[in-house]
Amino acid sequence: METLTFDLDAKPLREVNQFLHGDASSLNGKEIVIENPNGAHSIAVGLKSDIHVTIKGHAGYYAAGMNQIAKVTIEGSAGSGVAENMMSGMVHVKGFASNAAGATANGGLLVIDGDAGLRTAIALKGADVVVGGSVGSFSAFMAQAGNFVILGDAGEGLGDSIYEAKIFVRGKVKSLGADCEEKTMSPEDRQILADLLAKSGYADVSPDSFKQYGSARTLYHFHVDNAGAY
Amino acid sequence: MCGIVGLLVKNQKMRAGIGELMMPMLIGMTERGPDSAGMAVFTAPVGANELKYSLYAPSMEFNWLGLASDFDAHLGSKVKISTQGNHAILVSHLEVGTVKTWIKENYPNVHLLSVGHTIDVYKDTGLPADVAKRYDLPHVSGTHLVGHTRMATESAVTPAHAHPFTAGQDWCLVHNGSLSNAHSLRRKLEHEGIEFETDNDTEAACRFLEWRMREGDDLEAALNQGFEELDGFYTLLMGTKDQLALVRDPYGCKPAIIAEHDDYVAIASEFRSLAHLPDIKNAKVFEPSPKEMYVWKL
């Protein structure tokens, strides 16, 4: 497989991103290495072909945002909004991630080996997010669809106003948000969790060590007792 | 927005070069704060019976030597002064109240930036690179420093509104964020006899914490009180004569990242400002948790 290396100390990020946005026919199957990312914002955003991009260090805000099809590996940490609004493909952060990782992601898989900040998987719309460490407060706020696996602990207000996303937590939950409750794990959900753990490099972790959380669905519909308020 | 940077050098051999180490950190935060920039450097202390005063004048051609000779003539006490355009550092063994009153009455246009045994403050409007060049910041030396690049959101772009803010002695604070209860905090402090120099929200936080410490709180107790009383978004980085301290608001609205290395501790709003520090690959890089206190001592 052909490997291309870009050094961000030598080449402007805009040119590198423009190259990565080229025709899928010319890019498919390529291995791309980005050296000296040094916390730059928006590295490898908007990818849409079958390539593997490896970022050799710490990335800034919005790394691999809006990703489609491509695989992006960040060997350091990621700033706010990593893989935000991802549609498909995979983003793997080997370090920690800052706030709003995987925000509004529609599809694909985001794996964070370290801790993730506040508001992880906020408004999740169908992607899978697996965090090896712990997540900050207000994670999975208004999450609509998709699966969110946390191997460590969760902060305050987990799953506040959640819709139909499924949350699996192995550690402690500081507090649940409004309308989020513990669920009994069905055999189908256990299988979803087992598959995600295997895909994310945690095949040795037992799905039985997790608790599942989801929507109590009390906020879905207008409650007649509130009619007097109008 | 706004950018904050902080550096505490543990390796004694590297302290002479702290300005050089800091430069890429400050420049790295230009996009977050292109309006104004500032820095507080904690240097070798002046004599035990002396204090130093960082001063800002409205003109690059200000006659500092004239100010010094007026000071000597009026107060009968020889003052030491080192100057750099519109900035000067004055050293005197007179009582702090006497010096402050004399400056206010005789040179009302000269702004007092800081007072203390070890602190020097530089701040002005302009791009961080230009401000740094104006005051030759790459060549400062000291043990630790606190820097700021400003993108004004709630008060004017003037030298006085630039950060760091100071209060009392050897104390400074920089802020990324905005406080929603700065006015009520200010009314409370004015009731305690504390005077304000600007309408800036950060000044209220700075004077509040300094007031708590003057009332007997240690830094940790004052910061805990800050979590109770400060309402809004903030990452605050503070310097004392022998410490740096960092806090983020409980909602983690404003960023910070820390690099701890055997030779130094470096703090910045983003990794971009840490990327060029020596041997950064072997530093422990992490994001501070909201509503936690991080304090590093010399």
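Going from atom CD of B/Glu270 over to atom NE2 of A/His58 covers 13.5 Å, rounded to the nearest 0.5 Å. Here the OG-OH distance, from A/Ser137 to B/Tyr251, works out to 9.0 Å after rounding to the nearest 0.5 Å.
At most 12 heavy atoms of other shown residues, nucleotides or ligands fall within 6.0 angstrom of atom NZ in A/Lys211. Within a 6.0 Å sphere centred on OH of A/Tyr62, other residues, nucleotides and ligands contribute 12 heavy atoms or fewer. Counted within 6.0 Å of OH on A/Tyr163, heavy atoms from surrounding residues, nucleotides or ligands total 12 or fewer; the atom is thus considered open. Within 6.0 Å of NE2 in B/His183 there are 12 or fewer heavy atoms belonging to other residues, nucleotides or ligands. Other residues, nucleotides and ligands contribute at most 12 non-hydrogen atoms within 6.0 Å of the NZ atom of A/Lys56.
Between A/Asn38 and B/Arg272, the closest side-chain pair of non-hydrogen atoms is not below 4.5 Å. Looking at A/Asp115 and B/Glu287, their side chains never come closer than 4.5 Å, going by heavy atoms from C-beta outward.
Side-chain atoms of A/Asn99 come within 3.5 Å of backbone N or O of B/Gly252 as a donor-acceptor pair.
Heavy-atom minimum distance, A/Tyr61 versus B/Pro255: OH-CG, 3.4 Å. Closest heavy-atom contact between B/Ile257 and A/Phe96: CD1-CZ, 3.9 Å.
Both the backbone and the side chain of A/Ser98 come within less than 4.5 Å of a heavy atom in chain B. Interface remark: A/Ala97 contributes backbone atoms only to the contact with chain B (heavy atom separation under 4.5 Å).
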Residue pair A/His41, B/Glu31: steps toward the side-chain hydrogen bond (donor to acceptor under 3.5 Å, both in side chains) verdict: CA-CA 11 Å; A/His41 293 185; B/Glu31 282 176 25; 5.1 Å; no
